[in-house]
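Working notes, beginning with the structure itself.
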Protein chains: 2
Amino acid sequence: MNLTFRQLKVFDVVARHLNYTKAAKELHLSQPAVSMQVKQLEEQVDTPLIEKLGKKLYLTDVGMEMHNYARSTMQQLIDLEETIGQMKTLQQGHLKLAVASTANHFVIRLLARFANAHPKIRISLEVTNRSSLLDLLDKNECDLVIMGSPPDGHNLMSLPFLENPLVVVACPEHRLIAKKKVTLKELIKEEFIIREEGSGTRSAIERFFAGQELAFKTKLDMSNNRAIKHATEEGLGVTIVSMHTLELELKAKTLKIVNVEGFPIYRHWYVVQREGKRLSPIATVFKDYIMEGADDVIEEFTRPLYQHLEQSSR
Amino acid sequence: MNLTFRQLKVFDVVARHLNYTKAAKELHLSQPAVSMQVKQLEEQVDTPLIEKLGKKLYLTDVGMEMHNYARSTMQQLIDLEETIGQMKTLQQGHLKLAVASTANHFVIRLLARFANAHPKIRISLEVTNRSSLLDLLDKNECDLVIMGSPPDGHNLMSLPFLENPLVVVACPEHRLIAKKKVTLKELIKEEFIIREEGSGTRSAIERFFAGQELAFKTKLDMSNNRAIKHATEEGLGVTIVSMHTLELELKAKTLKIVNVEGFPIYRHWYVVQREGKRLSPIATVFKDYIMEGADDVIEEFTRPLYQHLEQSSR
DNA sequence: TGTTATCATAAGGTATTGCTTATGGTGTGC
DNA sequence: GCACACCATAAGCAATACCTTATGATAACA
């Protein structure tokens, strides 16, 4: 059986009017054109759908069944159009994001505002480590990833969209805190608490010191950012982290920024996608949003942080 | 938007395999043919449905929506086919009958057996008088009518399918009952209770006597068959009715058949339809059923009646 | 780096679709 | 019986649907 939507459409009109001529007028067709469509439909089901008795037309039993079917099918088509239309105009959609755990804090702020502006959109946010992020991209299981330092050569396309200042922090009682200015040579005498091998922050720091032809002593490496900060608070050593993760600690004064020469190291946050991936409409909009508007949104919570920075360099 | 079922079918296969080549094999098509169908579908909705990243294919959000739609639509089409198939093979359907009130009794017996053989069929039965029957036929509100003597010239097609013996009956105490053989001349001395002008039974009787060049005296005419029999039981006169309506009375011996020469008059029951009406499948089957099998079914209840007939002519 | 698998694109041909206008047939009602 | 309204049928035509084969491009993988 090979019906066409056209046949159903025409049949519906005929079934409503029970009059080919009027149906033809409604459809802006000639009367034989209508007759033919109905006839073809009848051939498809190999049964008469309409019977003519005297002057009047009647639907047969099968005709009534077909009429119900036609109407239901056409309604579904309308629903589909509507749904797709909404998807295209972003009334609906599913934004699948993944972010590095260090980025979690400020991405949530970005998302909160974005979600507010697009109430019907579903958002998935996965917070995980670097290697999982790359895995997600590879499997096409997310639209966009936000991370600190994307690797080259994975068929990825990365765009920096926000400054990411890495700062040296220590507990308030630490002797370096009192100093107005700390040189790198002084700094490397300290013992470092630092992220695990393979972490984006870790490799950024390593590249920095390598560039200065200096080495630092690792006291402790951990994979949990919160644990690192806690160890630092306890005075186990100094650490280098994205200032964006320090909001709470700076406010509570459990950690302070050390004013080291050459710091902050200005890295960036990147939005990353698979090369060649055609982004969904909603993902495109989100990407535009963070590329263009992230600074403004973020500034509101980074401003107080930068004040800490200024204080430390006073 | 002008989708085709073909596009949906092909898209479904592709969406299931996420592989054009395999889909092509399943569909016994070349691979480009499959690509084209999908592409055309994408053009219809003006949105990509499938995206290719590296080697793998993925459904877009809209693609998933479309896939759901395609599957649902195809399932409905299958359901429709099934329903129509059942209708055609009479698993379903609606049989609309109308019968003359005098035929009611035995038609119910026919219907009971028929309904039993076709459990899913809906049956409407209208029991009414002659003029209403013709009206129903005229408005195409029933498939078939069963009546005693259909009129000519109403664009009707009538087929006799069962013997309809008209007999003279009287109350058991009536003097004619005692006689072995009653001549017509003797009979017309009696006073008759008879159906109203226009009734099928009435006109059959009138034609019979006119053929014999005799006239009968009407004591009472009534439109209700039961009332006629009751008046006869009370001894108001004799009457002539279809023997098929006498089952109860003969069994209860409240009426007896008078053995008149030339009686029973063998008329017929007819099945009547509008000329040119294409009967629904179920109506066709019902018509065949009564044309071929009515005698056998009816015989079981008419046999005892014919015994009464034999007794009266002994 | 070459091979393999896979999809996209192009060109070409045939069948079918979907209309049109013209015309014929039929039931209804005056 | 005639006119009217309405549907069926036929012929003709342009558009396009649908498939094929041939070929090109690209990613994965050895």
Side-chain angles (χ1 to χ4, degrees), chain A residues 1-11 13-15 17-44 48-60 63 137-140 153-157 274-278, chain B residues 1-11 13-15 17-44 48-60 63 137-140 153-157 274-278:
Chain A
M1 207 150 66
N2 196 9
L3 315 183
T4 69
F5 282 96
R6 182 99 192 114
Q7 285 162 5
L8 295 180
K9 171 66 187 160
V10 172
F11 178 71
V13 177
V14 173
H17 288 98
L18 287 174
N19 179 315
Y20 285 70
T21 308
K22 285 179 189 159
K25 276 178 190 157
E26 178 173 327
L27 291 160
H28 303 292
L29 286 176
S30 65
Q31 168 262 312
V34 174
S35 294
M36 281 172 54
Q37 292 291 337
V38 173
K39 196 177 172 189
Q40 284 171 5
L41 188 57
E42 287 180 330
E43 276 165 14
Q44 292 300 325
L49 301 172
I50 291 180
E51 64 176 351
K52 188 183 170 184
L53 276 170
K55 205 174 184 175
K56 279 190 183 168
L57 299 182
Y58 302 88
L59 288 183
T60 63
L137 280 171
D138 193 52
K139 292 184 189 152
N140 197 33
H154 270 66
N155 293 332
L156 298 178
M157 197 174 86
R274 274 184 80 143
E275 199 166 297
K277 174 169 170 76
R278 174 85 145 270
Chain B
M1 208 152 62
N2 196 8
L3 315 184
T4 69
F5 282 96
R6 181 106 191 107
Q7 285 162 4
L8 295 180
K9 171 66 187 160
V10 171
F11 179 71
V13 177
V14 173
H17 288 98
L18 288 174
N19 179 315
Y20 285 70
T21 308
K22 286 178 188 160
K25 278 178 188 154
E26 179 173 327
L27 292 160
H28 304 291
L29 286 176
S30 66
Q31 167 263 312
V34 174
S35 293
M36 281 173 57
Q37 290 292 338
V38 173
K39 197 177 172 188
Q40 283 172 4
L41 188 56
E42 287 179 330
E43 277 166 15
Q44 291 300 325
L49 301 172
I50 290 180
E51 65 176 350
K52 189 183 172 187
L53 277 169
K55 204 174 185 174
K56 279 188 182 167
L57 299 181
Y58 302 87
L59 289 183
T60 63
L137 279 171
D138 194 52
K139 291 186 190 152
N140 196 32
H154 270 65
N155 292 332
L156 298 178
M157 196 173 86
R274 271 183 81 141
E275 199 166 297
K277 173 167 170 79
R278 175 85 144 270

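Scope of the values below: all heavy atoms of this structure, side chains included, with no hydrogens, waters or symmetry mates. Proteins get letters first, then strands, A, B, ... in listed order; numbering begins at 1 in each.
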Would you mind classifying the nucleic acid contact of Thr21(B) as base, sugar-phosphate or nothing, using non-hydrogen atoms under 4.0 angstrom?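 The answer is sugar-phosphate, as Thr21(B) gets under 4.0 Å only of primed atoms, P, OP1 or OP2.
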Whether the side chain of Gln40(B) and the base of dA17(D) hold a donor-acceptor pair under 3.5 Å is what I'd like checked.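 Checked by distance alone, the answer is no.
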Nearest listed nucleotide, side chain of [X], among [options]:
X	options	answer
Lys39(A)	dC7(D), dT9(D), dA8(C)	dT9(D)
Ala33(B)	dC19(C), dT20(D), dC7(C)	dT20(D)
Pro32(B)	dT9(D), dT20(D), dC7(D)	dT20(D)
Asn19(B)	dC7(D), dT20(D), dT6(C)	dT6(C)

On DNA chain C, compare the nucleotides closest to Asn155(B) and Met36(A); which residue's is nearer the 5' end?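 On the 5' side of the pair lies Met36(A).
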How do Gln31(B) and Lys56(A) order along DNA chain C: which one's closest nucleotide is nearer the 5' end?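 Final value for this comparison: Gln31(B).
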Non-hydrogen atoms of [X] and [Y] that approach each other most closely:
X	Y	result
Ala23(A)	Val14(A)	CB-CG2, 3.7 Å
Val34(A)	Val10(A)	CG1-CG1, 3.8 Å
Leu3(A)	Phe5(B)	O-CD1, 3.1 Å

Send over the distance from [X] [atom1] to [N] [atom2], rounded to a whole Å.
X	N	atom1	atom2	value
Leu27(B)	dC7(C)	CG	P	13 Å
Lys52(B)	dA28(D)	NZ	C1'	11 Å
Phe11(A)	dC7(D)	CZ	P	14 Å
Glu43(B)	dC18(D)	CD	P	13 Å
Ile50(B)	dC7(C)	CD1	P	10 Å
Asn2(A)	dC19(D)	CG	P	10 Å
Gln37(B)	dA8(C)	CD	C1'	15 Å
Leu49(B)	dC7(C)	CG	P	16 Å

Quick check: does any side chain N or O of Gln44(A) sit under 3.5 Å from a backbone N or O of Asn2(A), one acting as donor and the other as acceptor?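 Judged by distance alone, yes, a pair lies under 3.5 Å.
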Just to verify, which of Lys39(B), Gln37(B), Gln31(B) counts as forming a side chain to side chain donor-acceptor pair (under 3.5 Å) with Ser35(B)?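 Running side chain to side chain donor-acceptor pair (under 3.5 Å) over Lys39(B), Gln37(B), Gln31(B) with Ser35(B) returns exactly one hit, Gln31(B).
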Earlier contact from the 5' end, DNA chain D, for Arg274(A) and Arg6(B):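 Whichever sits nearer the 5' end wins; that is Arg6(B).
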